[in-house]
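Remarks on the structure that follows.
Quick caveat: nothing in here was measured; it's all calculated off a predicted structure. The analysis underlying the following values was restricted to heavy atoms, covering all of them including side chains, and did not include hydrogens, waters or symmetry mates.
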Amino acid sequence: MSDPVTALGGMTADSFADIAEQPPRGMVLLRGDLSSAPVQRAAAEVAGVTVPAPNRFEGEMPALCWMAPDELLLLCDYDEAAAKVAALAEALQGVHHLALDVSDARAVFRVTGLDAREALAKLTPADMSPAAVPPGTFRRTRMAQVPAAIRALDDTAFEILCFRSVAQYMADLLISAAIPGSEVGYWQT
Amino acid sequence: MKRYSAFAIAREALRGHIGWERAWRSPEPKAQYDVVIVGAGGHGLATAYYLGKNFGITNVAVLEKGWLGGGNTGRNTTIIRSNYLQDPSAAIYEKARSLYETLSQELNYNIMFSPRGVLMLAQTEHEVRGYRRTAHANSLQGVKTEFVSPDRVKELCPIISLEGPRYPVLGALWQARAGTARHDAVAWGYARACSDMGMDIIQKCEVTGIRTEGGKVSGVTTTRGDIGCGKLGIVVAGHSGVVAEMAGFRLPIESVALQALVSEPIKPCMDVVVMANTVHGYMSQSDKGEMVIGGGADGFNNYTQRGSFHHVEETVRALVETFPIISRLKMLRQWGGIVDMTGDRSPIISKTPVENCFINCGWGTGGFKAIPGSGWAMAELMAKGASPLADGFEMHRFREGRFVDESVAAGVAH
Amino acid sequence: MTTRLARGGRLLNRGRALEFTFNGKRMTGYQGDTLASALLGAGQRLVGRSFKYHRPRGLVASGAEEPNALVNLGEGGTFEPNQRATTQELYDGLAAESQNHWPSLEFDVGVANNYVSRFLPAGFYYKTFINPRPAWKHLFEPFIRQSAGLGRAPKERDADVYEHFHVHVDCLVIGGGIAGLAAALKAAEAGREVLLIEQTAHWGGRAPVDGAVIDGAEADAWVKNTVETLEGMENVRIRTRCMGVGVYDHGYVLAYERLTDHDPHPDLPRHRLWKIRASEVITATGALERPLSFAGNDVPGVMLASAVRDYVVNWAVSPGDRTVVVTNNDDAYRTAIALKEAGLEVPAVIDARTAPEGPLVERVRALGVRVETGRAVAKVKGRAKVEGVAMTMQAGEGAVLEVIDCDAVAMSGGWSPVVHLWSHCGGKLVWDDAQAFFRPDPEKAPTGADGQPFVRVVGAANGAMTTADVLADAGADAQAAPEAAGPIEPVWIMPQGAGPELRSKMWLDYQNDVKVSDVQLAAREGYESVEHTKRYTTLGMATDQGKLSNINGLAVLSRSLNAEIPQVGTTTFRPPYTPISFGSIAGQARGDMFQPLRRTPMHAWHMANGAHWEPVGHWRRPYCYLQPAETVEEAVQREVKNTREAVGLLDASTLGKIVVKGPDAGRFLDMLYTNMMSTLKPGRCRYGLMCNENGFLMDDGVVARIDEDTFLCHTTTGGAEHVHAHMEEWLQTEWWDWQVYTANVTEHYAQIGVVGPHAREVLDLVGGMDVSKEAMAFMDWQDGELGGLPVRVFRISFSGELSYEIAVKAGYGRALWDMLAEAGREVGMMPYGTEALHILRAEKGFIMIGDETDGTVTPQDLCLDWAISKKKDDYIGKRGQARSHLTDPERWKLVGLETVDGSVLEDGAYAVAEGRNANGQRNVQGRVTSTYRSPTLGRGIAMGLIRRGPERMGEVVEFTRTDGTTTRAKIVQPVFFDPEGEKQNV
Amino acid sequence: MLILRCPNCGIDADETELAPGGEAHLRRVGPEASDDAFEGYLFHRENPRGVHFERWRHAAGCGKWFHAARCTQTLEVFGTYSAQVTDPPQDIRDAITARRPGWRWRDIE
């Protein structure tokens with residue numbers, strides 16, 4: 001069986017922030033009552049990390065990202081997604097939930113650099129200050145004209161999740177937001 | 001009334017312009033009128049004017065809480081067109097357009113109707129089909145429109161980028177006899193003519209209550225005292241809901257902010273009005289040279305005359321893409337108005353549950369172009385109890401599911 | 001004439017000379033110059049022509065309020081009209097042209113208007129050009145447009161790029177004068193996150209120019225220290241060349257940073273539009289000086305006293321050698337002092353006040369300057385330049401006492417706080433009688449989301465007019481020597497008794513040519529509201545938005561109405577403070593980034609194989625695939641025939657796919673769809689219709705039941721997000737106790753249609769799954785493997801052909817597509833686009849959302865009653881469909897249409913009926929909803945909605961044609977091809 | 001440009017991250033409803049100049065619906081709360097009363 005391809009085949013660009021599309025990523029959507037013990041237990045066991053607080057994520061990889069009060073996004077190796085879905089189904093037998101492999105629905109970009117924050121702040125109305133978006137933040141928002149999620153790995157490295165069909169648009173945006181010489185110099189430390 | 005003319009100007013010029021009389025009187029309200037119109041915007045003044053002109057009813061007062069023409073009449077982008085899809089819309093907007101053609105002469109006040117033509121761009125196959133449908137409908141409605149080719153579009157408006165590049169222009173619905181007019185002048189011209197017929201235009205007079213006797217309207221209470229009337233016309237656009245509540249009935253209306261903006265003036269570069277509905281923007285160039293641009297409406301109830309900036313951004317984005325040369329022009333001024341939206345985005349010209357009380361509202365984003373037709377229909381409705389031009393615009397059409405929905409074709413109501 | 005002074009110029013870098021051109025003439029300035037100071041320095045007094053009368057105009061001001069000095073700047077892709085010379089920093093190679101004249105600035109035929117100006121009073125165009133009617137369109141209007149309009153229209157696409165930037169701050173301080181600096185420092189010391197912005201390239205504002213002394217040192221020193229302190233603080237950010245554009249609701253503020261206007265750069269963003277959310281906004285925007293209204297106050301060489309001071313002190317330029325100062329307040333005396341200190345002559349200070357006194361006045365007298373009190377300027381001598389002023393009594397009517405020779409006039413009518421930003425979001429003003437200006441009313445501040453005031457004003461913008469007051473108002477710890485200033489005496493026209501002749505030469509609005517006499521005329525004619533007067537005279541509607549003229553005009557109006565200024569009130573302040581580029585507003589959203597363009601996993605293949613694109617929402621789908629030397633029409637017809645006769649390949653990835661799961665999923669879908677979904681068996685598919693509450697058809701698609709608890713709902717391409725949101729809305733806001741979860745998995749899958757007689761062979765060739773009639777019946781679905789890839793195959797058909805829709809994970813979509821295309825070769829497979837898809841479905845009489853429906857069409861109208869469950873007592877839209885108009889037997893219903901002559905009906909054609917309605921419109925009885933040339937049947941086919949259509953089979957009706965004739969068409973069943981459905985059931 | 005705090009995720013959402021949803025606390029009427037009731041439900045929207053209750057969806061965010069109590073004249077926000085209630089909760093009503101004594105919306109005070 002041939003290998004899966006990402007939307008942009010792993011594009012990279014060097015601007016004042018480095019931009020790189022990530023290889024195929026396992027993603028499992030889990031909807032359920034996050035306040036219920038069985039769902040928390042199942043999510044934590046299957047993911048191997050604890051359940052994150054609102055607007056946060058736990059673990060770099062595998063990881064659990066908080067999407068909504070009744071929704072988590074599990075990040076794992078691409079090939080493990082199906083097994084994770086099965087494991088969740090197993091663990092949540094008789095519990096109302098929805099677990100799906102959505103690995104191919106999204107594109108993931110990594111944006112790194114001292115001023116990476118500023119490149120993102122050119123695109124999202126969300127408060128991107130270090131205080132508002134510390135490492136561990138998972139912020140769902142709008143970037144230019146599409147919905148996206150920003151995952152703050154550390155102060156200079158972020159992951160952007162967006163739908164696969166707009167991957168090229170997102171790449172163009174990120175590149176234009178990081179034109180060398182267009183640093184704002186706002187959060188430079 | 002002293003007539004306006006080049007000769008009058010010459011005469012006055014030679015004596016320091018001391019002889020000009022007031023354009024309209026500012027009288028004290030009388031105790032009783034045959035008809036009271038609430039709202040001295042274009043629609044209210046036009047209603048009063050045609051009550052006098054067409055039906056000889058001149059014992060009329062027009063009450064205005066602020067200054068006449070100070071609402072949406074003086075805040076819109078002055079587009080006048082009648083290329084609507086549905087019969088009732090086409091009828092009243094075409095009536096309005098044809099009245100506009102001779103309004104300057106009729107009022108002896110130059111409202112600067114400029115039949116420069118309106119292009120509605122078709123930028124998707126769906127829009128092409130929609131506008132072709134409208135063209136067919138118009139041909140049966142007595143509205144002269146045609147679907148034109150991209151080349152013709154470029155000819156009519158050289159600053160358009162046909163390639164898009166995103167949404168190539170596939171053609172356009174062209175109404176050659178549509179255009180623009182000087183919005184303030186429309187209100188002022190009607191006001192002057194009404195005043196000349198002996199009607200009282202009473203500014204800074206806010207209606208605070210509506211008096212009824214046995215289900216019949218008997219008058220209004222205002223900040224300048226009680227005023228009795230035989231018939232009452234409510235023509236207050238964004239504040240219709242508030243005034244209707246005084247009369248004790250509800251309207252299928254929501255008030256939202258609509259925005260517009262102008263650029264700094266530049267030498268003429270655009271001789272037509274262009275509407276690009278796929279990307280949500282429309283633009284024309286005023287006689288002063290400003291690019292006049294209409295923005296979108298807020299999606300939430302709003303009585304501030306300010307809108308949200310992202311609508312301005314979306315519109316400007318669309319127009320910079322459609323007319324690349326405007327990118328280096330500058331926005332001079334942005335403003336907002338309160339528009340009254342109905343469930344089908346078409347107006348209400350209707351009797352109400354209160355006898356002898358009539359309402360004209362719900363023009364949403366498209367009222368200016370309708371002013372003469374709207375006044376004509378409202379006057380006929382108030383004088384005779386029925387008007388063919390008002391048929392279809394009853395306030396109770398929604399309960400029957402009888403919509404006048406213009407959004408069904410690609411068109412949007414601006 | 002005017003010259004660059006040998007010494008001074010606090011903003012100049014004399015070490016760096018810059019070359020520029022004005023109207024092609026080469027000139028030289030220095031780094032630190034604005035275009036205005038450089039022009040003045042180069043002796044260029046005449047800078048433009050006014051809007052209406054084309055009068056010669058020179059610089060009046062030195063900043064954003066300048067009404068006259070607007071130029072065409074640059075060329076080609078960087079050309080920009082109406083650039084303000086006073087806010088444009090000089091750069092090497094700058095090329096500027098003056099505007100609004102023909103043939104030249106020095107000789108402009110438009111000036112003819114000036115000599116007939118008495119025939120062009122305010123609003124003259126409302127009173128004339130009325131007859132003959134055609135003349136307005138063909139003669140008058142073109143003339144008026146041509147003579148209006150200021151700058152040239154750009155010709156080329158903008159060569160520059162722009163960007164946005166979002167920040168959230170505790171405290172935004174707008175204005176980098178001493179008030180702003182002090183306020184920023186105060187807020188910063190309190191530990192708040194502060195952003196301080198200044199519209200010019202320099203900190204300090206007026207104080208250093210006006211010789212303020214702070215903490216015993218020159219203001220410049222204090223400014224320098226304070227800026228350094230702020231720069232050193234972690235919680236402070238400061239930006240120059242960044243203007244506060246507007247203050248909006250909920251603490252939203254726009255700022256306009258001009259990144260490269262002072263130093264053009266091809267690759268970097270030219271402007272950056274800041275979108276700021278501030279908990280508190282402090283505006284320290286200073287004040288603007290007002291002109292005085294005396295006859296000839298627009299002659300080049302007449303300037304604001306403060307501007308004269310700026311040019312001398314900041315740029316070492318003397319506006320004139322002999323400058324008469326005219327004033328009604330003390331401040332202008334500073335100009336006299338500055339001029340004397342620069343070694344220039346001040347023939348006289350003409351003060352309208354009868355007995356001015358105080359240190360400034362004394363100092364001027366001490367410098368030996370003649371001070372005339374109770375005096376006024378009757379008129380300015382000279383046309384294209386000042387030659388002298390005729391002096392008179394302020395109290396009189398203009399009898400000339402003496403003519404004083406001079407080549408410049410410095411005027412001051414007092415100051416007006418800049419209250420724009422305070423007012424944008426609802427801040428109210430009070431009239432300060434003592435100082436004769438409007439200032440912010442602290443009781444009526446703009447309020448934010450919490451209902452509390454969020455804008456504060458400090459310094460001159462708040463009416464604090466001395467350095468000491470400014471610093472105190474801004475809460476500064478610094479001290480300034482108190483400056484005893486005599487009271488201002490409001491002077492709205494000069495002399496106060498001036499007659500019509502003089503009043504018709506007193507300019508209020510320089511750019512729009514509005515004069516005192518115009519405002520008085522407007523008042524006389526009943527345009528009494530300040531808004532009426534503004535619109536009737538165009539006062540304050542020019543590109544300076546009345547920064548100089550509003551208060552003077554307002555005062556003249558209130559006098560004409562015998563009303564108090566506060567009663568008359570001001571016009572509304574609207575953003576932007578000064579004009580900002582459309583490019584900056586559009587930001588990055590241009591070209592490829594104008595809107596998101598959605599691509600399927602097979603996008604690149606379509607590109608490489610001749611796709612002729614059609615935008616569908618944000619998606620781009622192949623309309624057809626062009627082969628060499630083929631027209632679009634030919635391609636479409638070929639694709640249809642080939643699909644019917646061999647097999648076609650369709651990228652159906654854009655179709656929406658929504659998973660609905662839970663114990664209540666069936667019940668939920670029964671409410672959402674008009675038909676019964678809960679009875680669907682796992683493994684089977686069912687076509688469903690979705691309506692809104694009005695009962696109108698909203699979307700349609702095939703629903704597959706995955707297992708007892710789980711359904712997969714397909715939607716139209718445009719419907720995916722919309723339908724998913726629709727589902728979530730009902731689940732979250734109406735039936736939140738139902739146990740249902742949904743997920744939009746549209747983009748997780750690529751979906752490929754293999755359609756046509758040879759479809760099964762193609763799948764067999766790829767191999768891996770038994771898709772035989774026995775193994776997979778029509779409307780079955782199965783999971784399996786094709787070519788080694790896990791797939792889900794639906795045996796459904798939108799074409800009437802044997803057809804399989806194959807869903808595969810998007811990451812493998814291209815791989816599967818390539819395999820199918822390869823395998824399909826042997827059996828003549830070709831890809832087909834959306835138009836062929838439409839024709840294929842039309843031949844079968846299948847409806848298309850958006851064609852047969854338009855938001856006012858019900859399933860009943862489309863004779864889809866078979867898909868409306870009679871068993872259900874409720875579904876979304878059921879009640880709406882019961883309303884009288886929707887059950888009217890006269891409604892237009894779906895039928896097929898066959899032209900009698902075989903031709904193709906026109907898109908959107910209407911079926912005409914007898915007679916006309918009360919409004920004279922031709923009666924109609926239906927319309928075409930879809931119309932195509934059917935390659936399968938070799939003639940035109942169409943669907944349409946016709947009054948009582950299904951009851952009128954065989955009847956011939958007439959449809960409109962663009963050429964005014966009609967086409968006759970017969971009403972038939974909408975299924976034109978294979979009515980028994982034999983082809984899809986093989 | 002509004003900012004509303006989404007009660008579902010706690011984010012202070014920019015207006016451009018939100019989708020407006022019109023009047024709050026509508027009660028759906030079904031097939032049995034009278035013409036009046038149905039017209040009222042679908043078209044007779046509250047349109048007050050003052051206190052208003054409305055629905056929003058945190059569209060570019062957690063995707064959840066919520067309610068907001070807002071003044072249509074000043075845009076002051078009195079509070080946001082769960083979409084899964086049929087009437088405004090007491091704390092919201094109290095917050096409004098504190099700012100707008102004597103307010104009234106439909107039959108709610």
**Fill in**
With chain C, the option among A:L123, A:T6, A:L29 that has the most non-hydrogen atom pairs under 4.5 Å is A:L123

**Prompt:** Would C:H603 and C:W619 count as a ring-ring contact (aromatic ring centres under 6.0 Å, His included) if you check the C-alpha gap in whole Å, the side-chain angles of each, and the deciding distance to 0.1 Å?
**Reply:** CA-CA 10 Å; C:H603 189 89; C:W619 290 102; 9.3 Å; no

**Item:** Sidechain N-carboxylate O distance under 4.0 Å for A:D18, A:R110
**Value:** no

**Prompt:** Which atoms of C:Q595 come close to chain A, meaning under 4.5 Å heavy atom to heavy atom: side chain ones, backbone ones, both, or neither?
**Reply:** both

**Electrostatic pair C:R598:C:E747 at N-O distance under 4.0 angstrom** = yes

**Prompt:** With chain C, which of A:S176, A:G185, A:P180, A:G181 has the greatest number of heavy-atom pairs at distances under 4.5 Å?
**Reply:** A:S176

**Complete:** Across all chains, not counting sequence neighbours, the ring-ring contact (aromatic ring centres under 6.0 Å, His included) partners of C:Y741 are A:H96

**Asked** So, do A:V146 and A:Y169 sit near enough that their side-chain heavy atoms are less than 4.5 Å apart?
**Response** yes

**Message:** So C:T715 and C:L655, do their side chains get closer than 4.5 Å, heavy atoms only?
**Reply:** no

**Message:** Just checking C:W274 against A:Y186, ring centres under 6.0 Å apart?
**Reply:** yes

**A:I160 vs A:M170 side-chain heavy atoms within contact, under 4.5 Å** = yes

**Request:** Examine whether an atom of C:E163 lies under 4.5 Å from a heavy atom of chain A, and if so say whether it belongs to the side chain, the backbone or both; otherwise answer neither.
**Result:** side chain

**Request:** Answer yes or no: is there a side-chain heavy-atom contact under 4.5 Å between C:R192 and C:V169?
**Result:** no

**chain A contact via C:F594 - side chain, backbone, both or neither, heavy atoms under 4.5 Å** = backbone

**Request:** Enumerate by number any residue of residues 56-83 of chain A whose heavy atoms lie under 4.5 Å from heavy atoms of chain C; in the absence of such residues, state 'none'.
**Result:** A:D70, A:Y78

**Item:** Winner by heavy-atom pair count (cut-off under 4.5 Å) against chain C, out of A:P24, A:S103, A:A7, A:A144
**Value:** A:S103

**Request:** Flag the one option from A:R106, A:E118, A:M27 with the top tally of heavy-atom pairs under 4.5 Å to chain C.
**Result:** A:E118

